[in-house]
Amino acid sequence: MDSAQIIIQALNGLSYGLLLFLLATGLSLIFGLMGVINLAHGSFYMLGAYVGLAIINLTGNFVLALLGAALILAFVGILVERFFIQRLYKRELDQVLLTFGFAYIFMDVAKWIWGGTPRSLPKPPFLNSSLNILGEAFPVYRIAMIIIGLFVALALWLFLERTRVGAVIRAGVDDQEMVKAMGINIKIFFTGIFALGAFLAAFGGVIGGPIMGAYLGLDFNILVLALAVVVVGGLGTLKGAFWGSILIGFIETFGKVFFINFAIVTIYIAMALILIFKPAGLLGKEESY
Amino acid sequence: MKALEIKNISKSYGGLDVLINVYFTLEQGERRAIIGPNGAGKTSLFNIISGIIKPDSGEIYLLGQNVTRLSTYLRSRLGLARTFQRNTLFNNLSILDNVELALHSTKSDSNIKDILRNWGLWDKRKVIVKELSYGEQRQIEILLALVQSPKIIILDEPTAGMSPMETKTITEMIKSLSRDITVLIIEHDMDVVFNLADGISVLHNGQILCEGSPDEIKSNPLVKEVYLGTDH
Amino acid sequence: MISILNKLIPAETNLPWLAKVTMLLILVLLPFILSSYGLSLLTKVLIFGLFAMSLDILVGFTGLVSFNHASFFGVAAYTVGILVNRGFENFWLLLIPGIAIALLLAGLLGLLILRSSGAYFLMITLAFGQMLFALAWKWRSLTGGDDDGLPGIGRPEIGLPISMWNEQNFYFLVLILFIGSFLLIKKVIKSPFGKSIVGTRENELRMQSLGYNTWLIKYISYIIAAGFAALAGILYTYFNGFISPQELDWSMSGYILLMVIIGGAGTLVGPVVGAAVIIILQNLISTYTELWPLFMGLIFILCVLFARDGIVGSLLKLYQKKVGEMK
Amino acid sequence: MLQLTDVHTYYGDSHILQGVTLEVPQGSVIALLGRNGMGKTTTIHSIIGFTPPVKGQIVFEGKNIVGFQPYQIAQLGIALVPQGRRIFPSLTVKENLTIGWQKKKGQLDNDLKHIYSLFPVLKKREKHSGKHLSGGEQQMLAIGRALMTHPKLILMDEPLEGLAPTIIQDIYKKIIELKSSGYSILLVEQNIHLALKIADYVYIMNKGKIAYHGDTKQEQIKEEIKKYLSI
Amino acid sequence: CSGDKTTQPEQNPIKIGLLVPYTGVFASNGYDITRGIELYFDEIGWKAAGLEIKLLKEDSEMKGPVALQKARRLVESEQIDILTGIVSSSVAYALRDYIVANEVPLILANAGAAELTKEQGSKYIFRVSFANGQYEYPMGDYVFNELKLGKITVLAPDYAAGHEKAQGFMDGFKTSGGEIIQEIYPPLGTTDFGPYLAQINKDADAVWVHFSGTDSISFVNQYAEYGLKDKIPLLSSGDLVDESSLPHQGDAPIGIISSHHYSAALNTPENQKYVKDYRAKYNDDPNMFSEQGYVAARVTVEAIEALEGDISDTEKLLSSIKKVEFKAPRGPFSFDPKTQNVIFDTYIRKTEKIDGKLRNTVIHTIPADKNPWYLLK
Ligand SMILES: Nc1ncnc2c1ncn2[C@@H]1O[C@H](COP(=O)(O)OP(=O)(O)OP(=O)(O)O)[C@@H](O)[C@H]1O
Ligand SMILES: Nc1ncnc2c1ncn2[C@@H]1O[C@H](COP(=O)(O)OP(=O)(O)OP(=O)(O)O)[C@@H](O)[C@H]1O
Ligand SMILES: [Mg+2]
Ligand SMILES: [Mg+2]
């Protein structure tokens, strides 16, 4: 492999990793902060892609599709949280069943509306070209993905670290009653974070659409990837989700280069190895008494 | 043979030295209290004795055996029982199940019945522990340690949260334990401490400040200053 | 920290004696009433009931949400399938390598995964499960790979002059093994060991302070669960006459987990009821509409909303409340 | 300022509070005493709204707050120092303190400084996560956390549990100070000696009912306490 | 007894079981096959030899055990006369023993594993679609001798069908004298092909790929994105640019040369009628799957009509199916009597944009008897 190849593959890894970040970070928020195992997260992603496609077909505007899909799915997220999840905090098995039920329903609704044919989202025309890097072509869209991923990461970091929101949510999971006794209407925060998670998933769905497409089954493929990222990075930290994504992005990419025959399991081998040696994820703290 | 020997135990978290070269020993059958300001390192010391956290350096001998590298459960099997400062119970199980687990489910039914009768809990045996009031849970916490028939028992603020009446009962109960059993107790309730202990060790900033009989400690000006205040 | 299942689960299923006998009678008589298709569904329910019950040892009682339970099911199935295709016939003798290999695998994996807990446990088991899935997918010479799988597996020879090609006979073989396993698992759960796994689920720290080796408790429970999953896998191979990598996939593990939850984790009967509900409804609904996932999804959601502790768990609570009121 | 009239509270089917009537006048410290399991915490929880009463009235500053959400009750100016501390383990000490703080009521830095001067150790542990504090430190944090919300009424459920004698003396002084600056306090405490010293008025609970109530200066109180608390 | 029929119109209907995926990644294939079948039955008014046709649809979920369970219902409860559908080979394998033991004729409408009509074949199993390699093999010769491309890199998904199809092409290509310089097998369901594309040997004269469904859409787009489209010509099996994928691939597929047993752009009267009817009914272009469904339906009907509706004797039914021959949208249709696999002409197509729409123009036809694929066995 020459240096140009290495750079291209590194860019591949980085762009894939940041795409993973977009699709995993919502799960990380919901899972890590609120302790909700949201198996419908992939469905939000998939529906985001489908809705985004529908908006593009209507308006031809990618940015509109991006925001529109994210907002619509955020609204769906509000409904789901407000009427269902809200009763199930700290009841993980019930969350599994409920969100799995929703995943089933969302999948069928998508099939109903859009049919089963796999689709792909068109790239916005202004990003539909390639860059020449040391004689190798590299798609501009993937550079844009890297930038957007970094931007979202920064925005989230500011939002969670610079405001009280993250702390309130964590406190709410620790002891909901006590948070209320502090005069905080915690339900609104929970609903908000869940909606934000759905927003980010759908956002990722549209951004990833030109690469991953939209098809039935995308939901669960995404879910597994997102879970891997969140768990490898350690639950509940934005930092973990970020580095977890980049790491998985690189592992997947270089797995495809060096271990072609094992590409279907590289991600699992990596996960297993990490968890064997760090049972609570790379950046997660081991529960010390 | 000593019941318990703590040899130069040190422990720090990040830059925070929680225990510094703590050394003390406990004779068999002795009743010793550890007192000291909040955050002095008392609970940390208990966690190191019972093996829940590992010390950075130093050694621990239990009944003559070096247990520094032994897991918690093996120390328990050597005859060490403990209570926690924060109730650590099987919250979703009944009182009966809690006690059965503490007895390793091996003892006969009549034994359990006797125990629960003695504690006045037989009628309540099917009550789920998390539905008890705080003070009632506290009693279960102690009960679980006592029913293990330990050789050494270490109690972390056993009477905290108990009403005066219950406190008295528990104190008497500990006092009436067979003299084969070594007792180490952390308490902030000085009445309990002075009632129970043969000797007192004062822990301050992770170090043993002084040791002595209850009377010596009571009148020690240093202890007065850092811990007792002017009331006692 | 995520401590899956921190809620009250009735550790015993105290159905009255009468219900038990009725249940047994129904199971014995049903094959004479059902159509051959109905019988095959019922057989499948029992096999998956056993499979789900074995997972419940982990999920409901030990508090470990494992996502590679299908590995043991599948590995045992492949072992027996391969041996049958190589000419080994005696069912009872085949059980030994089939179950042994699953126990061995569980023993090995248990060494690697039990340091994780909660969500991390779920993910590390998922990872190992997928590796085994990939192995079955790629090791064509042994497993037939992804396409052909391992077809042509005949029905078991049980050493009696009874043909297992007869669906009723096969059903009774499954029924007997199911009841045997049920009683055995129940015995384990009621034993002091069973109490100690519940204790470990509830409070590991306290268990250690009481002198229990909680690691070993979880390890043994993982292995026991694998053993029963293996038996289910073996029966399933015979039932279908083939085995493919799909039986090892995480979706299979997830499917079983749903059965456990929907029926009621921590009640032994629950997972069986869960298996029955899911298998029968899915088959029923999908004959009427291609949108069956929609209806299954709705059913899952209704179950969560109206049967908090799973179907059997909720019924039990209701029953206990009634009994309490009568007193 | 706070008035409970014939409050009945249940846990499922069990009838725990069986008609509790008590009053916390403005600027006073009221002690609620009783043996374990008598319903003290349940009374506190009924006020803050964790276990809303099925029957009876709870009037705070002229408003019946039965049926209000806990956060609404808290926003009216009631703070809780719960039994068993219940600090937020996954938050740092500082986050614990600031989480309920409200802009309109004070200046964050000043308020923090105030708490830190009361409990200097909290300043030292500012960035530690709540779960790593010692028991006593957690108790201080729980008290500080409640004070940070600038309440009018503080419900204190055994706030002295696990505290060293010196700290207890500090808190004693603090409570007196709070009282004189107009705060009202409902204090549940097992340290009878101290409770009698701080409180203006005492209620004794027995099996979900108020068994006795009276002024702390009354002579009869000693006997009643002996009767219901057996000392 | 055929005379009775006119007097007794209320006879048992003919029951045809259809087992395809309606959920999951391959649901669209299931729906397309169903559409083809229903289009044909519409055409003939849902009657064969005067008997009503009942189509019983079941979701196979692409899972062997599920499909087997559904087949049990169809066979044992519904007593179907013929089973058709089956998208994936693994499902076909799972059903095989059961079908044979229960003597149910099975008409495969997609599953391509060659074995199913070879060693694992049975007189009960017919295939109207294709065997993996069947239309890939003759392209090897075309690429080497007509397109004059000598060094080729091959990419296909890492599962049985992917390997079989790639093998078909490589066998044909090597037999003609070509050289395969690189083989890459990404996992099935790969969406990000970037890392593979960067590895493609720049010395290759062309890249031959087989991808279908979701993979095909991602691949074609990314091949262009990484600047390869202008550097190395892309050849493929017809699946890559099947009409089911074309509308979602943008302009990226233009210029791809592929081999297939069908193209919606075929200029025969049969196909033109078919495309017209299909558009009229579904407002969509037909594709390989719907055509396979259409053909499967027609085969059943032709066989039943040849027996004048008397299908009580399974043996007779089987031999009747075997003899079916007609002009399908794809061209002349018949079974190879030995294997009961379909025989068809192979089309070399070039993807072009005509009137703003992508279509696979047929640029060369390799007649069935010139396809030496069969000679290999
Ligand atoms: N895991 C940890 N990480 C960081 N600091 C810790 C940790 N555990 C304990 N500490 C600190 O160590 C000190 C000693 O704690 P410990 O619980 O031993 O005190 P203690 O003497 O039992 O106090 P108390 O009487 O209040 O219970 C405390 O200041 C606490 O903040
Ligand atoms: N969650 C619950 N479910 C059912 N019963 C409960 C629950 N919590 C408390 N109880 C019962 O209510 C009664 C009163 O409990 P409460 O906690 O109010 O007592 P308390 O006076 O605060 O006691 P303590 O001094 O031990 O804290 C007790 O008998 C207890 O068993
Ligand atoms: Mg302590
Ligand atoms: Mg209380």
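Letters A, B, ... mirror the listed sequences (proteins, then strands); counts begin at 1.
- When each of C:Val260, C:Val59, C:Leu258 is paired with A:Leu93, the side chain to side chain contact (heavy atoms under 4.5 Å, CB included) condition holds for C:Val59 and for no other.
- In plain terms, the two heavy atoms of A:Ala272 and C:Met131 that are nearest each other are CB-CE, 3.3 Å.
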Checking C:Leu291 against A:Lys111 for the side-chain contact (heavy atoms from CB on, under 4.5 Å) test, could you report, in this order, the C-alpha distance in whole Å, the side-chain angles of both residues, the deciding distance, and whether it holds? CA-CA 9 Å; C:Leu291 296 179; A:Lys111 188 176 84 181; 3.9 Å; yes
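- Between A:Arg87 and C:Leu305, the closest side-chain pair of non-hydrogen atoms falls below 4.5 Å.
- C:Lys138 places no side-chain N or O within 3.5 Å of a backbone atom of A:Phe262 that could act as its donor or acceptor partner.
- For the residue pair C:Arg115 and A:Phe277, the shortest heavy atom distance occurs at NH2-O, 3.5 Å.
- Using a 4.5 Å heavy-atom cutoff, the side chains of A:Val224 and C:Trp250 are in contact.
- If you tally non-hydrogen atom pairs under 4.5 Å between each of C:Ala127, C:Pro293, C:Ala134 and chain A, the highest count goes to C:Pro293.
- Neither the backbone nor the side chain of C:Leu135 has a heavy atom closer than 4.5 Å to any heavy atom of chain A.
- The distance from the CG atom of C:Leu298 to the OH atom of A:Tyr104 is 13.0 Å, given to the nearest 0.5 Å.
- Using a 4.5 Å cut-off between heavy atoms, A:Asp174 makes no contact with chain C at all.
- In this structure, A:Asp108 and C:Glu290 approach most closely via the heavy-atom pair OD2-O, 4.2 Å.
- With a threshold of 4.5 angstrom between heavy atoms, C:Ile301 approaches chain A through its backbone and through its side chain.
- Here the straight-line distance linking atom CZ of A:Phe102 with atom CZ of C:Phe300 works out to 13.0 Å at 0.5 Å rounding.
- For the set A:Leu88, A:Val231, A:Ile269, A:Val265, the entry with the most heavy-atom pairs within less than 4.5 Å of chain C is A:Val231.
- For the pair C:Phe128 and A:Ile276, the minimum side-chain heavy-atom distance is below 4.5 Å.
- When all heavy atoms are compared, the tightest approach of A:Ile105 to C:Leu294 is CG1-O, 3.7 Å.
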